[in-house]
Structure formats: C-alpha cells, structure tokens
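Start at 1 with the first residue, then count along the sequence.
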Amino acid sequence: MSSTPFQISYHGVAHSPALTGRVTEEVAKLGQFFDRITFCRVVIDRPNHRHRHGDAYAIHIEIGVPRQRIAVHHDPPPARDPYCAVHEAFSVARRRLEDYARRLRSG
C-alpha cells in the first residue's frame with residue numbers, strides 16, 4: 001500500500017476496483033523514486049465512446065512535490081487497454097519525477 005496520499009477519479013469509465021489497485025501499485029512505485037511526494041491525483045477518462053474504432057483512455061496525473069507540481073497528460077491510441085494506458089502514463093510520470101529529483105539534488 002502506498003504511503004503517498006492519492007486520489008483517483010473516473011470520467012466516462014465505470015469505477016473499477018482492479019484498475020484502482022493498479023493505480024495504487026503505480027503510486028507506490030513513484031514513492032520509491034522520490035519520497036517527498038505530497039499528493040498524487042489521477043483521472044482516468046474515456047472522452048470518446050467509439051465502439052467501432054475502439055476506446056481511447058486518457059490518463060491525467062498530477063504529482064505534488066516541494067515547490068512544484070508535475071503534470072502528465074497521456075492519450076494513447078484507440079483500442080488500448082486502460083491498464084496499459086495507466087502503466088504508460090506512470091512511466092512518463094516516473095521519468096519526470098526522476099528528472100525533478102536529479103535537478104533538486106544538483107542544486
């Protein structure tokens with residue numbers, strides 16, 4: 001379980017305990033890269049319900065760190081799995097968090 005306070009919202013997507021569990025795991029991983037995260041907000045959005053062409057899941061992540069907020073907006077191609085979209089968005093968030101931590105250490 002993550003010690004980072006986080007909030008998850010679903011827009012245009014039914015609430016999923018399994019998807020919430022995946023987000024919880026990903027937030028916990030962020031804490032391994034930087035332990036001074038003050039909050040994390042995640043929005044899982046399915047803005048267009050395109051049954052013929054597949055669904056597109058947009059993932060929005062906002063991470064609070066000292067003196068800054070890191071924002072990630074990830075729109076994968078249609079017909080993607082929401083779990084994969086969450087993983088990809090958190091991969092981007094991890095890279096940005098690592099860059100922030102590196103800049104903070106260097107001065």
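- With sequence neighbours excluded, no residue forms a salt bridge (Lys or Arg N to Asp or Glu O under 4.0 Å) with E98.
- Every residue meeting the side-chain contact (heavy atoms from CB on, under 4.5 Å) condition with A18, not counting sequence neighbours, appears here in chain and number order: S16, Y83.
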Worked check of side-chain contact (heavy atoms from CB on, under 4.5 Å) between Y10 and V43: CA-CA 6 Å; Y10 292 87; V43 177; over 6 Å; no

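- Partners of R67 according to the salt bridge (Lys or Arg N to Asp or Glu O under 4.0 Å) rule, which considers only residues two or more places apart in sequence or in another chain, do not exist here.
- When the side-chain contact (heavy atoms from CB on, under 4.5 Å) test is applied to Q7, the partners found at least two apart in sequence or on another chain are R41.
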Below 3.5 Å, can you tabulate the donor-acceptor pairs from side chains in residues 100-107 to any protein atom, sequence neighbours excluded?
unit_1, atom_1, unit_2, atom_2, d
Y100, OH, P66, O, 2.4
R102, NH2, D99, OD1, 2.6
S106, OG, R102, O, 3.3
S106, OG, R103, O, 3.1

Cut-off 3.5 Å, no hydrogens considered: what does the side-chain donor-acceptor table look like for residues 25-38, sequence neighbours left out?
unit_1, atom_1, unit_2, atom_2, d
E26, OE1, R94, NH1, 3.0
E26, OE2, H87, ND1, 3.2
T38, OG1, G64, O, 3.1

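- For D45 against V13, the heavy-atom pair with the smallest separation is C-CG2, 4.1 Å.
- Transitive grouping of hydrophobic side chains (ILVMFWY, heavy atoms separated by less than 4.5 Å) brings F90 and I8 into a common cluster.
- Between V86 and Y57, every side-chain heavy-atom pair lies at or beyond the 4.5 Å cut-off.
- Looking at residues two or more places apart in sequence or on another chain, you find a ring-ring contact (aromatic ring centres under 6.0 Å, His included) between H73 and H60.
- Not counting sequence neighbours, R96 has no partner by the salt bridge (Lys or Arg N to Asp or Glu O under 4.0 Å) test.
- For the residue pair A89 and V72, the shortest heavy atom distance occurs at O-CG1, 3.8 Å.
- Under the side chain to side chain donor-acceptor pair (under 3.5 Å) criterion, R69 pairs with E62, not counting sequence neighbours.
- Closest heavy-atom contact between I61 and A93: CD1-CB, 4.3 Å.
- V23 has its side chain within reach of I44: a pair of non-hydrogen atoms, C-beta onward, lies under 4.5 Å apart.
- Residue L97 holds its CG atom at 10.0 Å from CD of Q68, rounded to the nearest 0.5 Å.
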